[in-house]
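For the single chain, residues carry numbers from 1 onward in sequence order. Remember, it's 1-based here, ligands and their atoms both numbered in the order they're listed. These values consider heavy atoms only, across backbone and side chains, with no hydrogens, waters or symmetry-generated copies.
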Amino acid sequence: MKVTTAKHAGYCYGVQRALKLALEATVGSEKPIYTLGPIIHNPQVVESLERQGVRAVNSVDQVDTGTIIIRTHGVDPKITVAARKRDLEVIDATCPFVAKAQQRAASLVKSGYKVVIVGERNHPEVAGLLAFTDNKALVVENANELKNIKEMNRVGVVVQTTQSIENLKNIVEGLLSKTKELKVFNTICNATSQRQEAARELSEMVDLMLVVGGKNSANTTRLAQICKENNKKSYHIETSDEIEEAWLDGIKHIGVTAGASTPDWILKEVIDRVKALAD
Ligand code: SF4
């Protein structure tokens with residue numbers, strides 16, 4: 001059986017950077033270290049960090065002393081201010097691409113645009129982006145939602161970094177007939193589009209596709225959706241234990257991809273298990 005890994009798969013720059021910052025913080029630290037929410041959407045990595053003394057909390061109010069790490073998704077700037085007021089050391093691991101989208105959103109508001117955020121309403125990155133517009137932006141998840149929106153004068157668009165380009169195109173097309181002036185900042189990051197394109201290509205070539213990553217990871221879930229559209233035999237798994245032997249019946253070529261928050265060791269375990277089952 002042949003196993004092919006997608007050309008772009010696994011940890012992205014932002015996640016690697018955040019994990020490096022978190023691990024560096026543990027060196028010689030006597031004070032407790034926290035992340036505001038799980039540092040990445042991968043339960044196995046979060047557990048591993050916990051073993052190294054980095055614990056996730058939901059709010060700065062839960063922390064009296066020590067260091068708090070802002071994860072790649074970024075946060076409402078008021079949260080950073082509140083943490084510093086409590087004398088906590090703040091390590092800002094907001095991905096630079098997310099920070100760029102936040103700056104774009106803020107500058108659009110300043111220039112008088114109505115901001116539209118293309119993204120998932122309940123995603124923390126979108127909540128952070130919204131805060132950079134003083135909660136004045138309109139969040140649009142898909143083009144269908146534009147039906148009930150009235151005409152607007154000047155609209156500026158920013159995008160949750162893990163969105164698909166197709167969704168952005170559909171929403172922008174829908175906005176064209178609703179706006180007099182439309183400015184679009186495509187803030188989708190390359191890591192996402194590269195992983196999506198590589199997953200799409202590979203899923204078309206193989207008999208079965210495994211998408212590895214947290215079930216709570218937006219970018220992994222999107223990869224799984226893309227693969228499923230091209231290949232009905234596509235499965236989203238978090239670990240190698242979830243692979244069912246029956247899936248491999250009659251399969252000659254397996255494709256494997258992983259979300260931007262999936263570590264290499266989990267991807268390797270999946271590949272090893274597939275190969276072992278095939279023997
Ligand atoms: S997917 Fe892109 S924006 Fe998100 S953390 Fe990774 S590099 Fe940054």
Colleague: Measure across S261 and P263 and return the closest heavy-atom pair with its distance rounded to 0.1 Å.
Modeller: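 Distance-wise, the nearest heavy atoms are O-CD, 3.6 Å.
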Colleague: If you draw a 6.0 Å radius around NZ in K228, do more than 12 non-hydrogen atoms from other residues or ligands fall strictly inside?
Modeller: yes
Colleague: Please list, chain by chain and in numerical order, all residues satisfying salt bridge (charged side-chain N to carboxylate O under 4.0 Å, His left out) with K169, sequence neighbours excluded.
Modeller: none
Colleague: What I want to check is whether the side chains of H253 and T4 have a donor and an acceptor closer together than 3.5 Å.
Modeller: yes
Colleague: Keeping waters out of it, list the protein N, O or S atoms under 2.8 Å from atom 6 (Fe) of ligand 1.
Modeller: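 Listed by chain and number, the nearby protein N, O or S atoms are C12 SG.
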Colleague: Output the distance between atom OG1 (T5) and atom CD1 (I271), rounded to the nearest 0.5 Å.
Modeller: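 Between T5 OG1 and I271 CD1, I get 3.5 Å after rounding to 0.5 Å.
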Colleague: Does CD in E173 sit with more than 12 non-hydrogen atoms of other residues, nucleotides or ligands closer than 6.0 Å?
Modeller: no
